[in-house]
Protein chains: 2
Amino acid sequence: MQPTTVMPPMDELRKVFREAGLSLTHQRVVLYRAVLEMRSHPSPEAIYERVRDEIPSISLGTVYKNIRAFMDAGLVREVSPHHGTLRLESNLEEHHHLVCTRCKAIVDLEESDLEPVRLRRELPGGFRVDRYSVEFRGLCAACSAKPDLS
Amino acid sequence: MQPTTVMPPMDELRKVFREAGLSLTHQRVVLYRAVLEMRSHPSPEAIYERVRDEIPSISLGTVYKNIRAFMDAGLVREVSPHHGTLRLESNLEEHHHLVCTRCKAIVDLEESDLEPVRLRRELPGGFRVDRYSVEFRGLCAACSAKPDLS
DNA sequence: TATTAAACGATAATTGTTATCGAAAAGTCA
DNA sequence: TGACTTTTCGATAACAATTATCGTTTAATA
Ligand SMILES: [Mn+2]
Ligand SMILES: [Mn+2]
Ligand SMILES: [Zn+2]
Ligand SMILES: [Zn+2]
């Protein structure tokens with residue numbers, strides 16, 4: 001059972017946006033609700049398609065701009081810190097990763113560096129697992145030394 | 001200590017490429033060796049920069065083509081299956097992912113679905129971890145039903 | 001070495017994303 | 001509420017990462 005994300009009512013949304021420093025527009029409300037409802041980790045395109053039912057005149061640029069605003073405000077995240085460019089893996093051994101979210105560095109962690117991951121239940125509906133790996137996200141030494149020039 | 005990737009000598013390379021169905025070209029040899037040496041999970045651009053020292057006339061297109069060929073042959077992999085496009089995460093709880101490498105579907109796994117991940121050693125040099133998550137890669141039910149139309 | 005198939009380099013095309021800008025809507029405060 | 005200021009919107013241009021095209025060069029085969 002998924003943790004039920006209650007769809008925030010209008011006055012709750014007003015507060016959320018206020019605290020995020022985002023003024024409340026119709027497009028934003030519809031976009032935010034759409035993203036919260038879609039539990040499929042949607043792409044900008046997928047959100048665009050979905051939201052066009054409600055606001056046919058909305059522009060793809062507006063979708064991107066607001067997604068970015070939501071991310072900057074911490075209302076949503078991106079699934080992968082490497083979505084911008086392909087990164088190659090030449091280490092074919094089973095292993096794990098340490099990922100710096102600032103400089104995008106990726107460092108290997110040997111499989112033997114951690115205890116084997118153990119599932120407590122069956123995986124949902126017939127998913128066939130090839131491999132798994134653990135991703136530790138954070139800041140590398142160099143990046144956490146530098147000031148947060150956001 | 002990293003598992004030392006021995007740089008394959010020429011006759012070993014000849015065999016690797018033969019088995020992968022790739023004819024042996026100078027560009028390929030240099031590219032493959034570069035990727036194996038670079039343990040930083042390099043981007044195509046980074047590989048390009050590196051290889052230009054040895055083959056100044058090489059084209060970025062050739063880098064992309066051969067990376068693709070290496071991936072198709074299973075000689076290297078891509079770090080993230082979602083590097084093509086941004087995917088949004090609206091579930092701010094700690095959780096994990098089931099990822100279908102065919103259709104790119106991403107399904108949440110609750111934190112409580114697996115035993116906590118435990119490290120056996122200290123993390124290398126001052127890395128500060130914000131969060132971690134486990135990614136299970138494989139084929140979803142729908143995709144593993146369908147034939148492999150590659 | 002001649003023939004054939006595959007790969008290369010240059011460059012055009014595509015795709016995902018961001019920037020620009022005038023018009024429209026939202027925030028502010030009397 | 002209305003005048004004024006600030007922000008956002010939609011349209012579209014610009015960019016960046018990646019793939020496709022194509023004539024030339026190189027490798028595989030015998
Ligand atoms: Mn790795
Ligand atoms: Mn998720
Ligand atoms: Zn870093
Ligand atoms: Zn699938």
Side-chain angles (χ1 to χ4, degrees), chain A residues 10-11 13-32 34-35 41-49 51-52 54-73 75-88 104, chain B residues 10-11 13-32 34-35 41-49 51-52 54-73 75-76 78-88 104 150:
Chain A
M10 204 52 195
D11 58 337
L13 270 193
R14 192 165 273 114
K15 207 179 78 181
V16 169
F17 283 180
R18 172 72 47 87
E19 282 170 8
L22 301 171
S23 52
L24 186 144
T25 70
H26 181 48
Q27 287 85 345
R28 249 173 213 163
V29 171
V30 173
L31 279 167
Y32 185 60
V35 175
H41 309 82
S43 65
E45 273 288 334
I47 297 166
Y48 179 52
E49 288 311 320
V51 158
R52 255 140 67 90
E54 255 180 281
I55 312 177
S57 64
I58 200 171
S59 143
L60 181 56
T62 297
V63 174
Y64 271 101
K65 267 179 287 196
N66 285 301
I67 283 174
R68 174 56 39 122
F70 295 161
M71 290 195 301
D72 291 347
L75 302 179
V76 299
R77 288 206 267 266
E78 47 190 336
V79 171
S80 163
H82 302 118
H83 85 270
T85 180
L86 173 64
R87 298 289 294 266
L88 279 194
K104 314 293 189 206
Chain B
M10 205 53 196
D11 58 335
L13 270 193
R14 192 165 273 115
K15 207 179 80 182
V16 169
F17 283 180
R18 171 73 47 87
E19 282 169 8
L22 300 171
S23 53
L24 186 146
T25 69
H26 182 50
Q27 287 86 341
R28 249 173 212 163
V29 171
V30 173
L31 279 167
Y32 185 60
V35 175
H41 308 82
S43 65
E45 272 288 335
I47 297 167
Y48 179 53
E49 287 312 319
V51 158
R52 256 141 67 90
E54 256 179 282
I55 313 179
S57 63
I58 199 170
S59 143
L60 181 57
T62 297
V63 175
Y64 271 101
K65 268 179 287 197
N66 284 302
I67 282 174
R68 173 57 39 124
F70 295 161
M71 290 196 300
D72 291 347
L75 301 179
V76 298
E78 47 190 338
V79 171
S80 163
H82 302 118
H83 82 272
T85 180
L86 173 65
R87 299 290 294 268
L88 279 194
K104 314 294 188 204
S150 68

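Protein chains get the first letters and strands the later ones, always in sequence-line order, with residue 1 at the start of each.
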Within the 4.5 Å heavy-atom criterion, are [X] and [Y] side-chain neighbours or not?
X: B:Leu75; Y: B:Phe17; answer: yes
X: B:Ile47; Y: B:Leu31; answer: yes
X: A:Leu13; Y: A:Val29; answer: yes
X: A:Leu24; Y: A:Met10; answer: yes
X: A:Glu45; Y: A:Leu60; answer: yes
X: B:Met71; Y: A:Leu88; answer: yes

Return the set of residues passing side-chain contact (heavy atoms from CB on, under 4.5 Å) with B:Glu54 (not counting sequence neighbours), or none when no residue passes. B:Val30

What residues form a side-chain contact (heavy atoms from CB on, under 4.5 Å) with A:Arg87, not counting sequence neighbours? A:His82, A:Thr85, A:Lys104, A:Ile106, B:His41, B:Ser43, B:Val79

Terminal contacting nucleotides, 5' and 3', DNA chain D versus chain B (heavy atom, 4.0 Å): D:dA17 to D:dA28

To the closest 0.5 Å, what do you measure between CG (A:Asn66) and CD (A:Gln27)? 8.0 Å

One should read off an interatomic distance between A:Asp72 CG and A:Ile67 CD1, to the nearest 0.5 angstrom, of 11.5 Å

Kindly indicate whether a cation-pi arrangement holds for B:Arg52 with B:Tyr48, taking the cut-offs as under 6.0 Å to the six-membered ring centre and within 45° of the axis. yes

Return the minimal non-hydrogen interatomic distance between B:Pro44 and B:Val63, and the atom names on each side. O-CG1, 3.8 Å

Minimum heavy-atom distance between B:Val76 and B:Val35, given as atom pair plus value: CG1-CG1, 3.9 Å

All N/O pairs under 3.5 Å across the protein-nucleotides 27-30 of chain C interface:
unit_1 : atom_1 : unit_2  : atom_2 : d
C:dG27 : OP1    : A:Leu24 : N      : 3.0

Given C:dG9, is OP1 or OP2 found less than 4.0 Å from the side-chain N or O atoms of B:Gln27? yes

Between the two end axes of the helix from C:dT1-D:dA30 to C:dA30-D:dT1, each built from 5 base pairs, what angle do you get to the nearest 10°? 50°

How long is the line joining NE2 of A:His26 and P of C:dA24, in whole Å? 17 Å

Restricting both atoms to N or O, compile the protein contacts to nucleotides 10-17 of chain C shorter than 3.5 Å, with distance only.
unit_1 : atom_1 : unit_2  : atom_2 : d
C:dT17 : OP1    : B:Leu86 : N      : 2.9
C:dT17 : OP2    : A:Tyr64 : OH     : 2.4
C:dT17 : OP2    : B:Thr85 : OG1    : 3.2
C:dT17 : O5'    : A:Tyr64 : OH     : 3.3

